[in-house]
Engineer: 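Here it is, the structure in full.
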Amino acid sequence: MTEDNHDENKLIAQRREKLTAIREQRVAFPNGFVKEHSSAVLTQQHESKTKEELEELAINATLAGRIIRMRGPFIVIQDGNAQMQIYINNKSFTGEQAEQIKSFDLGDIIGVHGEMFKTGKGELTLRAASFELLTKSLRPLPDKHKGLTDTEMRYRQRYVDLIVNEQSRNIFQTRSRIMRFIRQYFESLDFMEVETPMMQVIPGGATARPFITHHNALDQDMYLRVAPELFLKRLVVGGFDRVFELNRNFRNEGLSTRHNPEFTMLEFYQAYARYQDLMDLTEDLFRRIAIEVGGSSKLSYQGSEYDFAQPFARLSVTDSIKQHCAVEDDSAFASKESVAALANSLDVHFDDSWPRGKILMEIFDQKVEDKLDQPTFITEYPIEVSPLARRNEENPEITDRFELIIGGRELANGFSELNDPEDQAERFKEQVAQKDSGDSEAMHFDHDYVTALEYGMPPTAGEGIGIDRLVMLFTDSASIKDVLLFPHMRPQQDQG
RNA sequence: GGGGCGUUAGCUCAGUCGGUAGAGCAGUUGGCUUUUAACCAAUUGGUCGUGCGUUCGAGUCGCACACGCCCCA
């Protein structure tokens, strides 16, 4: 009860009074208004016509939108991402209607019918012959010039951010366009979109800490998925040779400018392909998205310039460390001891229980990754950190795997899939051993997945692309929260 | 987890050396009525994030906490 008005103020009270007066006179929230036109289309159709031409054509239009500006007899409504000026002089209406116009507030949603014309200053305008208040807005909008700039409020009240900040609307429209384009792209390559469980009994497909939940009827703990990988590969076993899933993953980790506990991942699997094929596909996909979104293969992100028409660099993990850490020869990578010594010399912290490959990747993560600005495929990942990837035929220490780094951030991770069920069982055992020794991110043993592999999975390559980070890249957004409609926030402290 | 910065009117922000809280926008009233961040006149609006402390006196100084942003791990 007291909660209802904890943030009430005079401005809201005045608007509530206006609403009460409306309720006494008519239906306060009418829903039969038929919006026949849009500001965007009207502008596009008539903007180039002269004042005289418009007068002669006497074009009628019926519009609706939110009032975002009031200038004397002129009202600007926002309708989708476009705006239209309305001429609605209260002197040309009488009685209750004139009073209604006077009581309009910024934020109200109105429907208007009238004739299009151009003002003395040449602005395309709708002269209201009739109008109707469709929704009374009870809360004042943010500053009409500066919008809503407080980042916390923009995230917590995204609906307000979207009303007043065009840039924010553009980001989410671009996000939607990217999602649509990705679906079209994979469908054009004969991939099938599928949906696999988000609630899993055995969480798998990535080394990450899962969220735990509980199914009451089954009295069973379940996990929100950290990746769809193992289910998608079961589908490849089943004969769906090209599948993709574009949906949410959940990882019980900290929040940062590039991490949200739930995030969107594209995963796709292609039978009879190798990881090299997916690197080629990824380059092509990124180039096409750039053109789809910005009309050019070139783009600028946080001050860096990228041209996705250029082939991406391809570099092994160890070569990248050699380049960025002044390591002279490969002997530094030869044994766990030499890699540990290298880590120490670079001031990279690690745990002695870690296998060689994990220490190696810690060096990469801390000393190399954020220095890789231009698009780079890093290859030859150590086997210990790649429990689902195919072992390289020449060097059993590494896998046929790559990650794509752009602007110092991991955007994609792909590999030729491990389809040897006995090798997979061994890898799971090693993961369980790591879990037992305290690694909360290590994988569980998934017996059914091994059984699936025992039925036989064709040679396959698969990849995951982090969609939020990809959208950040293509919308020049510094924080993942800027590309998530409702990013995770701590609850606000409740007063009282 | 550690460090830095921030939190003042509905929004955007000032606030000096510790001495009764300021502006623009929005709102209210009136005027104007083809304006363009419309304009003119008058005017309302504050638990200064929360709590404790120092002080005759705290938006301002100290401590703790909450939330947010940035950097580091």
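Quick note on labels: first sequence line is chain A, next is B, and so on, each numbered from 1. Just so it is clear, the values below take in all heavy atoms, side chains as well, and ignore hydrogens, waters and symmetry mates. Since this is a predicted model, take the numbers as computed values, not measurements.
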Engineer: Are A/Glu132 and A/Arg26 close enough, and set up right, to give a salt bridge (Lys or Arg N to Asp or Glu O under 4.0 Å), and what steps lead you there?
Structural biologist: CA-CA 11 Å; A/Glu132 186 177 1; A/Arg26 56 188 184 277; over 6 Å; no

Engineer: Quickly work out the A/Gln83 CD to B/U36 P distance and round it to whole Å.
Structural biologist: 17 Å

Engineer: Test A/Asp108 against every option in A/Arg139, A/Lys136, A/Lys18 by the salt bridge (Lys or Arg N to Asp or Glu O under 4.0 Å) rule and name the one that passes.
Structural biologist: A/Lys136

Engineer: Between B/C63 and B/G2, how far is it from one P atom to the other, in whole Å?
Structural biologist: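 Between the two P atoms, the distance is 16 Å.
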
Engineer: Atom OH of A/Tyr87 and atom C1' of B/A38: how far apart are they, to the nearest Å?
Structural biologist: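 So the OH-C1' distance, A/Tyr87 to B/A38, works out to 13 Å.
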
Engineer: Determine, step by step, whether A/Ile22 and A/Gln100 satisfy the side-chain contact (heavy atoms from CB on, under 4.5 Å) criterion, reporting the C-alpha distance in whole Å, the side-chain angles of both residues, the deciding distance to 0.1 Å, and the verdict.
Structural biologist: CA-CA 9 Å; A/Ile22 293 164; A/Gln100 268 193 59; over 6 Å; no

Engineer: Give the residues of residues 57-69 of chain A touching RNA chain B, defined as any heavy atom closer than 4.0 Å, sorted by residue number.
Structural biologist: none

Engineer: Using a 4.0 Å heavy-atom cut-off across all strands, classify A/Gln366 as base, sugar-phosphate, or nothing.
Structural biologist: nothing

Engineer: Taking only residues two or more places apart in sequence or in another chain, which ones pass salt bridge (Lys or Arg N to Asp or Glu O under 4.0 Å) with A/Arg258?
Structural biologist: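 Partners of A/Arg258 under the salt bridge (Lys or Arg N to Asp or Glu O under 4.0 Å) test: none.
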
Engineer: Give the dot-bracket string for RNA chain B, reading 5' to 3', where a pair is Watson-Crick or G-U wobble with both distances under 3.5 Å, ( ) marks pairs inside the strand, [ ] marks pairs crossing earlier ones, | marks a partner on another strand, and . marks unpaired.
Structural biologist: (((((((..((((.....[..)))).(((((.......))))).....(((((..]....)))))))))))).

Engineer: In whole Å, measure the gap between the P atoms of B/A23 and B/U43 for me.
Structural biologist: 11 Å

Engineer: Between A/Met489 and A/Leu106, who's closer to the 5' end of RNA chain B by nearest nucleotide?
Structural biologist: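 Here A/Leu106 is the residue nearer the 5' end.
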
Engineer: Please give the distance between the C1' atoms of B/U54 and B/C13 as a whole number of Å.
Structural biologist: 30 Å

Engineer: Spell out yes or no: do the side chain of A/Glu123 and the base of B/U36 have one donor N/O and one acceptor N/O closer than 3.5 Å?
Structural biologist: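 Such a pair exists between side chain and base.
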
Engineer: Rounded to the Å, how far apart are A/Lys121 NZ and B/A37 C1'?
Structural biologist: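 Between C1' of B/A37 and NZ of A/Lys121: 14 Å.
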
Engineer: Provide, to the nearest angstrom, the distance between the CD1 atom belonging to A/Ile86 and the C1' atom belonging to B/A38.
Structural biologist: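 Interatomic distance, CD1 of A/Ile86 to C1' of B/A38: 17 Å.
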
Engineer: Between A/Ile406 and A/Tyr306, is there a side-chain heavy-atom distance shorter than 4.5 Å?
Structural biologist: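 Touching, per the 4.5 Å side-chain cut-off.
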
Engineer: Give the ring-plane orientation class for A/Phe286 versus A/Phe474, where under 30° counts as parallel, over 60° as perpendicular and anything between as tilted.
Structural biologist: tilted

Engineer: To the nearest angstrom, how far is A/Glu8 atom CD from B/G46 atom P?
Structural biologist: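 Rounding to the nearest Å, CD of A/Glu8 and P of B/G46 are 14 Å apart.
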
Engineer: Considering only side-chain heavy atoms of A/Phe74, which listed nucleotide, B/G68, B/G30, B/U35, is closest?
Structural biologist: B/U35

Engineer: Using whole Å, report how far CZ of A/Phe104 lies from C1' of B/A26.
Structural biologist: 17 Å

Engineer: Quick check, are the ring centers of A/Phe131 and A/Phe104 under 6.0 angstrom apart?
Structural biologist: yes

Engineer: Is the shortest side-chain N to carboxylate O distance from A/Asp482 to A/Arg154 below 4.0 Å?
Structural biologist: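 Looking at A/Asp482 and A/Arg154, the cut-off is met.
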
Engineer: Taking CG from A/Asp365 and C1' from B/C72, how many angstroms apart are they, rounded to a whole number?
Structural biologist: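 One finds 16 Å between C1' of B/C72 and CG of A/Asp365, rounded.
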
Engineer: Once you round it to whole Å, what is the distance between C1' of B/G30 and NZ of A/Lys91?
Structural biologist: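 It is 11 Å, rounded to the nearest whole Å.
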
Engineer: If I pick the C1' atom on B/C48 and the same atom on B/U7, what distance separates them, to the nearest angstrom?
Structural biologist: 10 Å

Engineer: Does the side chain of A/Arg71 get closer than 4.0 angstrom to OP1 or OP2 of B/A38 through an N or O atom?
Structural biologist: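 Looking at the OP1 and OP2 atoms of B/A38, one of them is under 4.0 Å from a side-chain N or O of A/Arg71.
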
Engineer: What side-chain donor-acceptor pairs closer than 3.5 Å can you find for residues 60-74 of chain A, not counting sequence neighbours?
Structural biologist:
from, atom 1, to, atom 2, distance (Å)
A/Asn60, OD1, A/His113, NE2, 3.4
A/Thr62, OG1, A/His113, ND1, 2.9
A/Arg66, NH1, A/Gly107, O, 2.9
A/Arg69, NH2, A/Lys144, O, 3.1
A/Arg71, NH2, A/Gln85, OE1, 2.8

Engineer: Closest-nucleotide mapping onto RNA chain B: is A/Thr119 or A/Met70 further toward the 5' terminus? I mean the 5' end.
Structural biologist: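 Counting from the 5' end, the first nearest nucleotide belongs to A/Met70.
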
Engineer: Is there a side-chain polar atom (N or O) of A/Lys481 under 4.0 Å from OP1 or OP2 of B/C70?
Structural biologist: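 Answer is no, no contact under 4.0 Å.
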
Engineer: Nearest to the A/Lys18 side chain among B/G27, B/G68, B/U28, which nucleotide is it?
Structural biologist: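 The answer is B/U28.
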
Engineer: When you check every protein heavy atom under 4.0 Å of nucleotides 4-13 of chain B, what one-letter string (B, S, -) results, 5' to 3'?
Structural biologist: ------BBSS

Engineer: Any side-chain heavy atom of A/Tyr155 within less than 4.5 Å of one from A/Ser479?
Structural biologist: yes

Engineer: Given the C1' atoms of B/G22 and B/G46, what is the spacing between them in whole Å?
Structural biologist: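 Going atom to atom, C1' in each nucleotide, I get 11 Å.
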
Engineer: Take atom C1' in B/A37 and the same atom in B/G3, then report the distance between them in whole Å.
Structural biologist: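 Nearest-Å result for B/A37 against B/G3 at atom C1': 41 Å.
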
Engineer: Given the P atoms of B/G59 and B/A9, what is the spacing between them in whole Å?
Structural biologist: 14 Å

Engineer: If you define the side chain from C-beta out and look only at heavy atoms, does anything of A/Asp105 sit under 4.5 Å from A/Ser137?
Structural biologist: no

Engineer: Please examine the side chains of A/Gln78 and A/Arg169, heavy atoms only from C-beta on, and report whether any two atoms are closer than 4.5 Å.
Structural biologist: yes

Engineer: Which part of the nucleic acid, if any, lies within reach of A/Thr257 when heavy atoms closer than 4.0 Å are counted: base, sugar-phosphate only, or nothing?
Structural biologist: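 Sugar-phosphate contact only - A/Thr257 comes under 4.0 Å of backbone atoms but never of a base.
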
Engineer: Contact class for A/Tyr155 (heavy atom, under 4.0 Å): base, sugar-phosphate, or nothing?
Structural biologist: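 The residue A/Tyr155 makes sugar-phosphate contact but no base contact.
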
Engineer: Please name all residues satisfying ring-ring contact (aromatic ring centres under 6.0 Å, His included) with A/Phe263, sequence neighbours left out, ordered by chain then number.
Structural biologist: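 With sequence neighbours excluded, A/Phe263 shows a ring-ring contact (aromatic ring centres under 6.0 Å, His included) to no residue whatsoever.
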
Engineer: Picking from B/G30, B/U33, B/A73, which would you name as closest to the side chain of A/His349?
Structural biologist: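 Nearest nucleotide to the side chain: B/A73.
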
Engineer: NA contact type, A/Arg127, heavy-atom cut-off 4.0 Å: base, sugar-phosphate, or nothing?
Structural biologist: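 Base contact - A/Arg127 has a heavy atom under 4.0 Å of at least one base atom.
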
Engineer: If you measure from the P atom in B/G15 to the same atom in B/C61, how many Å do you get, rounded?
Structural biologist: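 Looking at atom P only, B/G15 and B/C61 are 12 Å apart.
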
Engineer: For A/Lys358 and A/Glu384, what are the C-alpha separation, side-chain angles and deciding distance, and is it a salt bridge (Lys or Arg N to Asp or Glu O under 4.0 Å)?
Structural biologist: CA-CA 7 Å; A/Lys358 189 165 178 183; A/Glu384 304 97 315; over 6 Å; no

